[in-house]
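Everything on this sheet refers to the single structure shown next.
Lettering follows sequence order; numbering is per chain, from 1.
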2 protein chains.
Amino acid sequence: MNSDFTLAIHSLTFLALQPDRMSTSDMISESACVHPVRIRKVLSLLKRHGFIESKEGIGGGFHFAVDVSEVNLWDIYKLTSEGSLQPKCPESNEQCIVGANMQSVLFNIFLGAEEHLGLYLKNYTLKEVVDLINQEK
Amino acid sequence: MNSDFTLAIHSLTFLALQPDRMSTSDMISESACVHPVRIRKVLSLLKRHGFIESKEGIGGGFHFAVDVSEVNLWDIYKLTSEGSLQPKCPESNEQCIVGANMQSVLFNIFLGAEEHLGLYLKNYTLKEVVDLINQEK
DNA sequence: TAAAATGTAATAATTAATTTTACAGTTTAA
DNA sequence: TTAAACTGTAAAATTAATTATTACATTTTA
């Protein structure tokens with residue numbers, strides 16, 4: 001899985017812990033140790049889907065738009081990483097029954113696998129993640 | 001997930017369809033369209049774990065060592081890809097409570113996620129994969 | 001004893017992920 | 001009303017990960 005998922009969760013958790021002020025992409029990027037442009041790219045996605053709001057200009061930044069218990073890890077997985085569970089299938093030989101069909105067989109199995117993963121990830125809301133972060137001391 | 005998983009399943013399926021003769025890494029690599037050295041590397045892992053047997057020299061190659069219904073996708077996932085569900089966590093800022101703890105919080109959640117995935121993948125044996133390959137016509 | 005296979009390490013090439021640069025647009029405060 | 005501090009986004013450069021290639025040792029058979 002790529003690290004956009006982690007950066008999205010990291011950013012949302014950061015915002016959740018600063019409920020009363022705007023957080024800038026610079027602040028978040030300092031916490032996550034990645035480039036602010038990447039944070040803005042990930043947050044732009046979260047904004048398009050209504051999880052956060054942003055404001056440009058001095059004093060601007062990002063804040064949570066919904067309640068932390070209304071966002072779960074499956075929501076964020078779908079946004080940032082849907083399909084990434086699929087194992088890489090190199091193009092294979094269409095002349096061979098195995099080569100010709102392996103990709104679609106595995107694709108269907110892992111479609112189900114991702115759905116199954118969804119049932120698990122739905123159990124974790126951002127609230128739970130924030131609580132776990134606070135517990136780790 | 002990396003493509004070793006796919007290559008392992010591809011190879012095992014190939015072997016399952018040739019139960020009475022040895023298959024060489026060249027034959028399998030031709031079906032999977034990857035380099036024979038990669039196939040040998042993946043098969044070497046499967047051999048160490050007892051799923052297949054190999055023989056060097058003229059007339060040598062690989063064949064299945066167990067029954068196709070005794071190997072499931074979770075067995076192969078564990079061998080080739082365990083841990084790959086973990087989202088990438090870049091090193092983050094230890095001075096920030098989020099940066100300091102995000103990695104371990106997500107790690108534990110995805111440890112559970114992989115276990116959960118295991119329950120699903122255990123439902124598919126190589127026999128089922130072979131049947132699905134044969135159906136796709 | 002030559003040919004055809006596995007076994008494996010080391011290097012080269014390719015592809016994917018990430019960072020960096022650049023710059024346009026927005027908002028605020030002096 | 002304009003400079004500063006932000007977001008927004010595209011494009012290029014860099015780095016990391018994956019894959020292919022080369023090389024060669026070992027085994028087995030005819």
Side-chain angles (χ1 to χ4, degrees), chain A residues 1-8 10-11 14-15 18 21-65 80-81 83-84 86-93, chain B residues 1-8 10-11 14-15 18 21-49 51-65 80-81 83-93:
Chain A
M1 204 194 305
N2 71 19
S3 69
D4 285 359
F5 174 83
T6 299
L7 293 177
H10 192 123
S11 302
F14 191 98
L15 297 186
Q18 312 282 335
R21 43 183 149 170
M22 287 291 207
S23 306
T24 68
S25 59
D26 267 25
M27 292 173 188
I28 301 168
S29 82
E30 208 166 296
S31 165
C33 291
V34 297
H35 202 278
V37 170
R38 266 190 87 198
I39 294 293
R40 294 208 287 273
K41 207 179 145 205
V42 170
L43 293 194
S44 148
L45 186 66
L46 294 173
K47 182 189 174 184
R48 280 202 293 284
H49 288 80
F51 295 113
I52 60 175
E53 285 166 354
S54 71
K55 203 175 152 206
E56 301 184 17
I58 293 176
F62 303 88
H63 66 66
F64 238 102
T80 59
S81 310
S84 72
Q86 288 292 338
K88 266 192 218 160
C89 280
E91 280 299 309
S92 50
N93 190 341
Chain B
M1 205 193 306
N2 72 20
S3 70
D4 284 0
F5 174 84
T6 299
L7 293 177
H10 192 123
S11 302
F14 191 98
L15 297 185
Q18 311 283 335
R21 42 183 149 170
M22 287 292 208
S23 305
T24 68
S25 59
D26 267 27
M27 292 173 189
I28 301 169
S29 81
E30 208 166 295
S31 165
C33 292
V34 297
H35 202 277
V37 169
R38 266 190 88 198
I39 295 293
R40 294 208 287 273
K41 206 178 146 204
V42 170
L43 293 194
S44 150
L45 186 67
L46 294 173
K47 182 189 171 184
R48 280 201 293 286
H49 288 81
F51 295 114
I52 60 175
E53 284 166 353
S54 71
K55 203 174 150 205
E56 301 183 18
I58 292 174
F62 302 87
H63 66 66
F64 238 101
T80 60
S81 311
S84 72
L85 187 59
Q86 288 292 339
K88 265 193 219 161
C89 280
E91 279 301 308
S92 50
N93 190 341

Between A/S3 and A/I58, which residue's closest nucleotide on DNA chain C lies nearer the 5′ terminus?
A/S3
For B/K88 and B/K47, find the nucleotide of DNA chain C closest to each by heavy atoms; which residue's nucleotide sits nearer the 5' end?
B/K47
What is the distance from [atom1] of [X] to [atom2] of [N], rounded to the nearest Å?
| X | N | atom1 | atom2 | result |
| --- | --- | --- | --- | --- |
| A/R38 | C/dT18 | CZ | C1' | 6 Å |
| B/M27 | C/dA4 | CE | P | 13 Å |
| B/I52 | C/dT6 | CD1 | C1' | 11 Å |
| A/L7 | C/dA17 | CG | C1' | 12 Å |
| B/H63 | C/dT6 | NE2 | P | 12 Å |
| A/D26 | C/dT20 | CG | C1' | 14 Å |

Taking 4.0 Å as the cut-off, does a side-chain nitrogen or oxygen of B/S44 come that near to OP1 or OP2 on C/dT6?
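Answer no for this pair, as no side-chain N or O of B/S44 is under 4.0 Å from OP1 or OP2.
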On DNA chain D, which is the earliest and which the latest nucleotide, 5' to 3', with an atom closer than 4.0 Å to a heavy atom of chain B?
D/dT19 to D/dT29
Looking at the side chain of [X], which of [options] is the nearest nucleotide?
| X | options | answer |
| --- | --- | --- |
| A/H35 | C/dG7, C/dT27, C/dT19 | C/dT19 |
| B/T24 | C/dT6, C/dG7, C/dT18 | C/dT6 |
| B/S25 | C/dA17, C/dT6, C/dT28 | C/dT6 |

Applying a 4.0 Å non-hydrogen cut-off, can you work out what [X] is touching in the nucleic acid: base, sugar-phosphate, or nothing?
| X | result |
| --- | --- |
| A/K41 | nothing |
| B/V37 | base |
| A/R40 | base |

B/T24 side chain to B/M27 main-chain N or O, any donor-acceptor pair under 3.5 Å?
yes
B/T6 side chain vs A/K88 backbone, donor-acceptor pair below 3.5 Å:
yes
Looking at side-chain heavy atoms only, is the closest gap between [X] and [Y] below 4.5 Å?
| X | Y | result |
| --- | --- | --- |
| B/V34 | B/I28 | no |
| A/H63 | A/L15 | no |
| B/N2 | B/S84 | no |
| A/R38 | A/S29 | no |

Residues which pass side-chain contact (heavy atoms from CB on, under 4.5 Å) with A/R40, listed by chain and number, not counting sequence neighbours
A/S25, A/P36, A/V37
